[in-house]
Amino acid sequence: MPETMLLAQMLGLLLVIGALAGVLAGMLGVGGGIVLVPAFFYAFQTLGYGGPQLMQLCLATSLATIIITSLRSVLAHNKKGAVDWDILRGWGPGIAVGAIVGVLVASALRTEALQALFGVLGMVIGAYLGLGKSEWRLGDVMPKGVKRAVLSPSVGFLSVLMGIGGGSFGVPLMSLFNTPIHRAVATAAGFGVIIAVPSVLGFLFLDIAPEHRPPFTIGAVNLIAFAIVVTMTMITAPWGVKLAHAMDPKPLKRVFAVFLTLVALNMLRKALGL
């Protein structure tokens with residue numbers, strides 16, 4: 001059995017990570033995955049787990065939590081009639097295919113390459129959060145045909161490479177194509193389920209050397225981190241929602257954009273060995 005002290009350290013770190021992810025998700029409307037992946041990386045590395053597949057462990061565990069949180073979110077939004085099922089039905093198959101390809105690519109890459117990808121994509125998301133305008137438009141309706149066939153797998157693919165759900169790419173995409181923001185957020189929760197389920201199933205079969213994985217890990221999914229983070233995010237996300245209603249969210253989003261950009265730059269720095 002793993003040492004009691006090691007499990008206690010893991011528990012403490014993961015409780016804090018889950019609480020923070022939940023508050024940020026509720027307050028800013030961003031998926032917890034974009035916080036969880038770098039937080040898991042720091043936690044597992046601090047506990048002495050490294051190796052060439054550390055990022056796969058972080059991505060897979062983050063995506064496992066997204067199955068629960070996104071499913072809970074999409075059901076809650078559906079009760080209010082906010083989910084656009086036409087978009088989900090049209091975009092879902094392509095997103096799922098992209099997610100599966102993402103698992104295959106992520107499984108073949110080393111931690112440094114995945115860190116670099118997270119860093120670059122994180123800076124793009126941070127720039128959009130900080131500088132994006134709600135009135136920006138690329139079209140009046142969501143694309144179909146060839147455009148959808150290209151864009152939908154891209155959403156799934158890029159999300160898996162970052163270990164995130166549908167919000168970070170899906171919400172901006174739908175907003176740019178004139179989908180009302182509340183409907184975009186609700187529908188993106190459905191994207192999260194479609195991304196996370198096939199990708200986690202794939203990551204469960206990834207072989208990671210025993211010395212490089214924390215206790216109670218199946219494939220690349222750490223069950224302790226999954227259970228603690230899901231529990232904490234469900235507790236603290238409503239706190240974040242209350243904070244969002246009590247404060248102006250625009251400056252908060254800009255602060256988070258700066259924070260995310262710094263985290264992404266730090267990931268990129270580590271990937272480059274600087």
| request: Can you run down the side-chain hydrogen bond (donor to acceptor under 3.5 Å, both in side chains) pairs that involve residues 170-181, sequence neighbours left out, and say none if there aren't any? | output: R137-N178
| task | Name all pairs fulfilling the side-chain hydrogen bond (donor to acceptor under 3.5 Å, both in side chains) condition that reach into residues 218-231, sequence neighbours left out, sorted by first residue then second. | result | T217-N222
For residues [X] and [Y]: do they belong to one hydrophobic cluster (side chain heavy atoms under 4.5 Å, members Ile, Leu, Val, Met, Phe, Trp, Tyr)?
{"X": "V150", "Y": "V97", "value": "no"}
{"X": "V120", "Y": "V258", "value": "no"}
{"X": "L104", "Y": "F118", "value": "no"}
{"X": "V16", "Y": "I235", "value": "no"}

Could you give the side-chain donor-acceptor pairs of residues 259-274 under 3.5 Å, partners two or more places apart or in another chain?
unit_1	atom_1	unit_2	atom_2	d
T261	OG1	A257	O	2.7
N266	OD1	R269	NE	3.1
N266	OD1	R269	NH2	2.7
R269	NH1	L274	O	2.8

Contacts of [X] that satisfy side-chain contact (heavy atoms from CB on, under 4.5 Å) - sequence neighbours left out:
{"X": "I100", "result": "P198"}
{"X": "V160", "result": "L63, A99, V103, I195, S199, F203"}
{"X": "A209", "result": "E211, H212"}
{"X": "F226", "result": "A64, T65, I68, V230"}

Hey, are the side chains of [X] and [Y] touching, using non-hydrogen atoms and a 4.5 Å cut-off?
{"X": "M55", "Y": "V37", "result": "yes"}
{"X": "V105", "Y": "V101", "result": "yes"}
{"X": "M162", "Y": "L117", "result": "no"}
{"X": "T187", "Y": "F191", "result": "yes"}
{"X": "I67", "Y": "V193", "result": "no"}
{"X": "L151", "Y": "W91", "result": "yes"}

| task | Show your reasoning for whether side chain to side chain contact (heavy atoms under 4.5 Å, CB included) applies to T233 and V229. | result | CA-CA 6 Å; T233 53; V229 167; 4.0 Å; yes
| note | salt bridge (charged side-chain N to carboxylate O under 4.0 Å, His left out) pairs touching residues 79-88, sequence neighbours excluded, are D86-R89
| Does anything in residues 140-162 pair up under salt bridge (charged side-chain N to carboxylate O under 4.0 Å, His left out), and if so which pairs, sequence neighbours excluded? | none
| ring-ring contact (aromatic ring centres under 6.0 Å, His included) contacts touching residues 33-90 (sequence neighbours left out) | F40-F44
Would you give me the side-chain donor-acceptor pairs under 3.5 Å for residues 124-131, sequence neighbours excluded?
none

Closest approach of [X] to [Y] (non-hydrogen atoms, all atoms of both residues):
{"X": "L161", "Y": "G102", "result": "CD2-O, 4.0 Å"}
{"X": "V171", "Y": "V185", "result": "CG2-CA, 3.9 Å"}
{"X": "I17", "Y": "A43", "result": "CD1-CB, 3.8 Å"}
{"X": "P215", "Y": "I224", "result": "O-CD1, 4.0 Å"}
{"X": "G94", "Y": "S152", "result": "CA-OG, 3.4 Å"}

Closer than 3.5 angstrom, by distance alone: can the side chain of [X] be matched with the main-chain N or O of [Y] as a donor-acceptor pair?
{"X": "Q56", "Y": "A220", "result": "no"}
{"X": "T111", "Y": "P52", "result": "yes"}
{"X": "S62", "Y": "C58", "result": "no"}

As an exercise, state the distance from [atom1] of [X] to [atom2] of [Y], rounded to the nearest 0.5 Å.
{"X": "L121", "Y": "I34", "atom1": "CG", "atom2": "CD1", "answer": "9.0 Å"}
{"X": "I95", "Y": "S159", "atom1": "CD1", "atom2": "OG", "answer": "8.0 Å"}
{"X": "L204", "Y": "I218", "atom1": "CG", "atom2": "CD1", "answer": "7.0 Å"}
{"X": "L173", "Y": "I87", "atom1": "CG", "atom2": "CD1", "answer": "9.0 Å"}
{"X": "L57", "Y": "L114", "atom1": "CG", "atom2": "CG", "answer": "12.0 Å"}
{"X": "F169", "Y": "F157", "atom1": "CZ", "atom2": "CZ", "answer": "10.5 Å"}

| said: If the condition is salt bridge (charged side-chain N to carboxylate O under 4.0 Å, His left out), which residues does R110 pass it with, not counting sequence neighbours? | reply: E112
| field | Intermediate values then yes/no, side chain to side chain contact (heavy atoms under 4.5 Å, CB included), V141 and F177 | value | CA-CA 5 Å; V141 294; F177 285 99; over 6 Å; no
